[in-house]
Novice: 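Below is one structure. I have some questions about it.
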Amino acid sequence: MTDFLGLADKTIVIFGVANRKSIAYHVGKTLEAAGATLVYVVRSETRRESVAKLLGDQAEIHVCDVEFEDQISAARDQIVERHPEIHGLLHSIAFADYEGGMKPFHET
């Protein structure tokens, strides 16, 4: 694939990969093919383990639950230590209230 986005050797941080159906997963694969350096951020250590299996051992994956300011700061510091310049960020974090059930949009 050619670098149609001009992102070869650019560092992109991607939040929100959960599985192969995730938008973030597919965007990451496209950016990887374009030559971008990817830094993934997931919500928990359990998610990191499952995403590492999906992306491979070479993937850089950080844990950050964005509900907690201290985790946001820690993730930022860890990422900037390795990547002083960030060229882009994908926010693909979603929340679904699975216990409460999913309601159609017209009922919300």
Side-chain angles (χ1 to χ4, degrees):
M1 173 182 263
T2 61
D3 182 18
F4 69 97
L5 296 172
L7 294 174
D9 300 319
K10 304 291 184 185
T11 301
I12 311 296
V13 179
I14 299 178
F15 284 80
V17 172
N19 53 48
R20 287 190 195 281
K21 294 180 181 180
S22 299
I23 291 170
Y25 171 79
H26 290 283
V27 170
K29 287 299 181 185
T30 301
L31 295 175
E32 181 180 48
T37 299
L38 304 178
V39 179
Y40 292 93
V41 182
V42 297
R43 184 176 184 189
S44 67
E45 190 61 43
T46 301
R47 179 73 69 201
R48 182 201 318 233
E49 292 169 11
S50 66
V51 169
K53 289 177 187 173
L54 179 66
L55 298 175
D57 293 331
Q58 76 287 353
E60 181 177 343
I61 306 169
H62 297 267
V63 174
C64 174
D65 185 334
V66 297
E67 290 189 59
F68 302 100
E69 185 69 36
D70 62 320
Q71 289 189 34
I72 295 170
S73 297
R76 177 204 58 217
D77 294 346
Q78 292 166 7
I79 293 168
V80 169
E81 186 175 304
R82 294 193 61 193
H83 308 278
E85 186 172 10
I86 303 299
H87 301 94
L89 182 138
L90 171 66
H91 175 296
S92 189
I93 299 171
F95 172 77
D97 183 4
Y98 294 109
E99 291 180 14
M102 302 289 289
K103 294 182 183 177
F105 287 116
H106 67 278
E107 290 183 18
T108 56

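Keep in mind that what you see is a predicted model, and the values were worked out from it rather than measured. These values consider heavy atoms only, across backbone and side chains, with no hydrogens, waters or symmetry-generated copies.
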Novice: Run the side chain to side chain contact (heavy atoms under 4.5 Å, CB included) test against D65 and tell me which residues pass, sequence neighbours left out.
Specialist: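 Applying side chain to side chain contact (heavy atoms under 4.5 Å, CB included) to D65 gives R43, E67, F68, Q71.
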Novice: Taking all non-hydrogen atoms of both residues into account, name the closest pair between R48 and I61 and its distance.
Specialist: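 Looking at all heavy atoms of both residues, the shortest contact is NH1-O, 2.8 Å.
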Novice: Return the set of residues passing side-chain hydrogen bond (donor to acceptor under 3.5 Å, both in side chains) with H26 (not counting sequence neighbours), or none when no residue passes.
Specialist: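 Residues passing side-chain hydrogen bond (donor to acceptor under 3.5 Å, both in side chains) with H26: none at all.
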Novice: Under the side chain to side chain contact (heavy atoms under 4.5 Å, CB included) rule, collect the residues that match up with S92, sequence neighbours excluded.
Specialist: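 Listed in chain order: I23, A24, L90.
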Novice: Give me the atom names and distance for the closest heavy-atom approach of L54 to R20.
Specialist: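 Distance-wise, the nearest heavy atoms are CD1-CG, 3.2 Å.
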Novice: Quick check for you: to the nearest 0.5 Å, what is the distance between D77 atom CG and H62 atom NE2?
Specialist: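 D77 atom CG to H62 atom NE2 measures 11.0 Å (nearest 0.5 Å).
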Novice: Report the residues that fulfil side chain to side chain contact (heavy atoms under 4.5 Å, CB included) with A36, sequence neighbours left out, ordered by chain and then residue number.
Specialist: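 Here the qualifying residues are L7, I12, L31, L38.
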Novice: Rounded to the nearest 0.5 Å, how far does CD of Q78 lie from CD of E81?
Specialist: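 With rounding to 0.5 Å, CD (E81) is 8.0 Å from CD (Q78).
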Novice: Taking only residues two or more places apart in sequence, or in another chain, which ones meet E32 in a side-chain hydrogen bond (donor to acceptor under 3.5 Å, both in side chains)?
Specialist: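 Only K29 meet the side-chain hydrogen bond (donor to acceptor under 3.5 Å, both in side chains) criterion with E32.
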Novice: Hey, could you give me the OG1/CZ distance between T11 and R82, rounded to the nearest 0.5 Å?
Specialist: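 It is 10.0 Å, given to the nearest 0.5 Å.
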Novice: State which residues pass side chain to side chain contact (heavy atoms under 4.5 Å, CB included) with R76; sequence neighbours excluded, sorted by chain then number.
Specialist: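 Expected list: S73, V80.
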Novice: Quick check on side chain to side chain contact (heavy atoms under 4.5 Å, CB included): which of T30, L55, I14, V51 does Y25 satisfy it with?
Specialist: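 Of the listed options, the one satisfying the test is L55.
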